[in-house]
Amino acid sequence: MQVKKMGSRGILFNLPSKPFSVQIYCINTPNYLFIIDSGVVLENQMEDVKKYLKENNLLTKPVIIFNTHSHLDHIAGNGVIDSRLIIGQELSLEGFQNTFDLLNKYGDYKIAAENLIFPNLTFSKKLVFETEDIEFFHTPGHTEDSASCYDRLDKILLVGDSLVSPLPSINWYQLDIFIETLQKYKEIEFNKMILAHEIVLEDTKFIDESIEYIKRFKALDVDFTGFTDTHALMYRWGLVNIAKNLKKDGEEEEAKKFFLKAKTDIKNPIIKPEDESEYKQIIELIDKGLKSQ
Ligand SMILES: [Zn+2]
């Protein structure tokens, strides 16, 4: 675990996970300790964070946890530290329920399901702790329930998975809304922008690059030049996830477009996964998606 003090009151924890490291951020405000995201299911990132906070006498104020969205790698440790509030965007409750149901289906994951703690305070557009100078706001795109945090005092912006390095993580089909969200980040004055995985950024260049990629992705016109294995991973799962999401909402024709694109591109040596079981899994998802059209 790497620990880095940031601004006047922030601590960034970077913890190992695969394929990306996990970043959990704490903000020590006058009346609370805010914790942004809580780690991966069946991994124990929050135990390490708790140990550090305890040793450094930082667990003296009431704790407030904020989940940037309901994906499995952001919510698992909600119960590790006693907290007064767990905050999420209102749509995240459905995501938590889906995650709970999924985990509950498999023996090994049942304990993780039992330990999953849902948000007890939700908001639609925005929630502000005025005395603490902390804002939470809806930033749909990576998922419909995605939300961000802004520390007004230190001008630190936490974007969750709205930005992922090296390429945007696409799941939800409303790509124009995703682009709008990324554009709006550029209007916020920030010194540092913390991504939920891997990195911290200081300017808007990466936002522009991400917008450009989403536009090309939407037009099914992504250029694979310079693609690494990680780029390929983000791209192939982007196609499959968006297609599945479109199909779930009855957008059969649009879904077919992305499934067919995935079917073609997965054979391209640049995009094809090295891992045979992942390859099989993707082919099965594509065939299943195209079958009942
Ligand atoms: Zn995510």
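These values consider heavy atoms only, across backbone and side chains, with no hydrogens, waters or symmetry-generated copies. This chain uses plain numbering: 1 for the first residue, then up along the sequence. Ligands are counted one by one from 1 in listed order, and the atoms in each one are counted from 1 as well. Since the model is a prediction, treat every value here as computed from it, not as a measurement.
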> When you look at His69 and His138, which way does the ring pair (Phe, Tyr, Trp, His ring centres under 6.0 Å) test go after all the steps?
Replying inline: CA-CA 10 Å; His69 60 299; His138 191 202; over 10 Å; no

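- Under the 3.5 Å distance criterion, the side-chain polar atoms of Asn241 are matched with a main-chain donor or acceptor of Trp237.
- With 2.8 Å as the limit, Asp73 does not count as an N, O or S neighbour of the Zn ion (ligand 1).
- The Zn ion (ligand 1) lies closest to atom NE2 when only the N/O/S atoms of His142 are considered.
- Relative to the six-membered ring of Phe136, Lys126 misses at least one condition, a distance below 6.0 Å or an angle of at most 45° to the axis.
- A donor-acceptor pair under 3.5 Å is absent between the side-chain atoms of Arg84 and the main chain of Pro62, judged by distance alone.
- Between Glu130 and Arg152, at least one side-chain nitrogen of the basic residue sits less than 4.0 Å from a carboxylate oxygen of the acidic one, meeting the salt-bridge criterion.
- Nearest N, O or S atom of Asp161 to the Zn ion (ligand 1): atom OD2.
- For residue His74, no N/O/S atom approaches the Zn ion (ligand 1) to within less than 2.8 Å.
- Expressed to the nearest 10°, the angle at the Zn ion (ligand 1) joining NE2 in His69 with ND1 in His71 is 90°.
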